[in-house]
Enquirer: 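If you scroll down you'll find the structure; I have some questions about it.
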Number of protein chains: 2
Amino acid sequence: MPHDHAEACPGCADPSAAFAPHDHTHCAADVLARAEVLAGAAGARLTPVRRRVLEILLESHRAMGAYDVLNRLSAEGFGNQPPVAYRALEFLEEQGFVHRIRRLNAFAACMHPGESHAPVFLICRTCQSVAEAAGAPVRAAVEAAAAGMGFAVERTTVEALGLCPACAGAAA
Amino acid sequence: MPHDHAEACPGCADPSAAFAPHDHTHCAADVLARAEVLAGAAGARLTPVRRRVLEILLESHRAMGAYDVLNRLSAEGFGNQPPVAYRALEFLEEQGFVHRIRRLNAFAACMHPGESHAPVFLICRTCQSVAEAAGAPVRAAVEAAAAGMGFAVERTTVEALGLCPACAGAAA
DNA sequence: TCTATGTATGTAATATCATAACACGTCAAG
DNA sequence: CTTGACGTGTTATGATATTACATACATAGA
Ligand SMILES: [Zn+2]
Ligand SMILES: [Zn+2]
Ligand SMILES: [Zn+2]
Ligand SMILES: [Zn+2]
């Protein structure tokens, strides 16, 4: 995650920025730029629809349903049938640019693409914002629990529902 | 989990039994009996539909979709509309007798009702069996990651997709 | 240049999962 | 006996996701 301007870039240096006010324009532009580089390096084509879907998801630290994305796309002249959105989302997920939030049947942009990470998603039940926390220890704990039963873990889904700092403060 | 006949009861004494051959008739009967006691104690009514749904889910260490459950119910003379199944499943989930497996959009019977547990679900991608591992350390790791971002965790979803011992053995 | 090939997009149709709203029956308290 | 809570049944609809097929577009030989 650290990149050349990390000091000047709270959203990039601090994962908790998702729950705090920050220069999200920069946050989004930075992630998008990194995704373009990564896609090029992987020989994957970040076509207009795919790029636009990523941009749309990057507009906020929220998850969006496939149909919400689709509505945006069709309003902008892209196709208006579900596969248009689902295919782009699937591509972005394969590339690690987007994560699926199963609890919400929705998708959120990855805020640190390219880094190998076992994300833990923190979903605020009040403001719907979604943040990605570092999940290496969680993943290790899951592996340990699975190993005890002889189970070989391939992929994990870890999602926590609760209150983000702002909403917890407002509630109290 | 340990109960009066735990020694004679592999399925009850050993959580990894879900992935191993065992006397599942006993396994299921035992869980059902415990659920009945717990429901009584909680003042909740384990009516015929609800009880039957639990029995159906207890037939195997698998997750079933709501409509699969519904098909079984309607074949047995209960209602044949989705709310019949969803309501029973919702009740059972509230009582802690059933868990929702989000990755599969499906439901699985809880194999140790009444124990406070933060389950980790291990889902075999080959045989579709689902086991519940002890997740207290996982939960703790999630709490720790969340605390670092000021997030208050209320509920967690932890699911691992991979290969159960039998399928891993068959693959190798 | 001209195809052949793979890949991306568009569209129609359908499948799958889930809930809202209302009607009816039962039973226990008042 | 009425009322109110609860459970069940049914209709209708909404939300999410995929299959199948058609079309466009890129790029790599011939
Ligand atoms: Zn941001
Ligand atoms: Zn990520
Ligand atoms: Zn069993
Ligand atoms: Zn359980």
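Below, read A as the first sequence line, B as the second, and so on, with proteins coming before strands; counting in each chain starts at 1. Reckoned from all heavy atoms, side chains included, excluding hydrogens, waters and symmetry mates.
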Enquirer: Nearest whole Å is fine: how far is C/dA13 P from A/Gln81 CD?
Expert: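 In whole Å, C/dA13 P and A/Gln81 CD are 10 Å from each other.
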Enquirer: Picking from D/dA17, C/dG10, D/dT10, which would you name as closest to the side chain of A/Pro82?
Expert: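 Among D/dA17, C/dG10, D/dT10, the one nearest the side chain of A/Pro82 is D/dA17.
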Enquirer: Among B/Leu89, B/Leu104, B/Ile101, B/Ile56, whose side chain to side chain contact (heavy atoms under 4.5 Å, CB included) with B/Met64 holds?
Expert: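 Result for side chain to side chain contact (heavy atoms under 4.5 Å, CB included) with B/Met64: B/Ile56.
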Enquirer: Rounding to an integer number of Å, can you tell me how far B/Leu70 CG sits from D/dT8 P?
Expert: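 For the pair B/Leu70 CG and D/dT8 P, the rounded distance is 14 Å.
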Enquirer: Mind calculating the distance between CD (B/Glu76) and P (D/dT8) to the nearest angstrom?
Expert: 15 Å
Enquirer: Compare all side-chain heavy atoms of A/Phe19 with those of A/Leu122 and state whether any distance is below 4.5 angstrom.
Expert: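 A/Phe19 reaches A/Leu122 side chain to side chain.
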Enquirer: Does D/dT10 have OP1 or OP2 sitting under 4.0 Å from an N or O in the side chain of B/Asn80?
Expert: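 Yes, B/Asn80 has a side-chain N/O under 4.0 Å of OP1/OP2 on D/dT10.
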Enquirer: Do the side-chain N and O atoms of A/Thr157 and B/Arg103 include a donor-acceptor pair separated by under 3.5 angstrom?
Expert: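 A donor-acceptor contact under 3.5 Å links the two side chains.
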Enquirer: Classify the nucleic acid contact of A/Arg50 as base, sugar-phosphate or nothing, counting any heavy atom under 4.0 Å across all strands shown.
Expert: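 Sugar-phosphate only.
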Enquirer: Can you check the B/Leu73 CG to D/dG9 C1' distance for me, whole Å?
Expert: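 It is 13 Å, rounded to the nearest whole Å.
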Enquirer: Less than 4.5 Å apart, any side-chain heavy atom of A/Val31 and any of A/Pro113?
Expert: yes
Enquirer: Tell me whether B/Leu70 is reachable from B/Val49 by hopping between hydrophobic residues (I, L, V, M, F, W, Y) whose side-chain heavy atoms are closer than 4.5 Å.
Expert: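 Per the 4.5 Å side-chain linkage, B/Val49 and B/Leu70 are co-clustered.
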Enquirer: Take the protein atom CZ of B/Phe78 and the nucleotide atom P of C/dC24, then report the distance between them rounded to whole Å.
Expert: 22 Å
Enquirer: Base, sugar-phosphate alone, or nothing: which one does A/Arg100 contact when heavy atoms must sit under 4.0 Å apart?
Expert: sugar-phosphate
Enquirer: Provide, to the nearest angstrom, the distance between the OH atom belonging to A/Tyr86 and the P atom belonging to D/dA15.
Expert: 12 Å
Enquirer: Take atom CZ of A/Arg45 and atom P of D/dA26, then tell me their distance rounded to the nearest Å.
Expert: 8 Å
Enquirer: Return the 5'-most residue of the pair B/Leu104, A/Thr47 with respect to DNA chain C, ranking by each residue's nearest nucleotide.
Expert: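 Whichever sits nearer the 5' end wins; that is A/Thr47.
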Enquirer: Report yes if a donor N or O on one partner sits less than 3.5 Å from an acceptor N or O on the other, where the partners are the side chain of B/Tyr67 and the base of C/dA18; otherwise report no.
Expert: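 By the distance-only test, yes, there is a pair.
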Enquirer: Measure the distance from CG on B/Asn105 to P on D/dA17 and round it to the nearest whole Å.
Expert: 7 Å
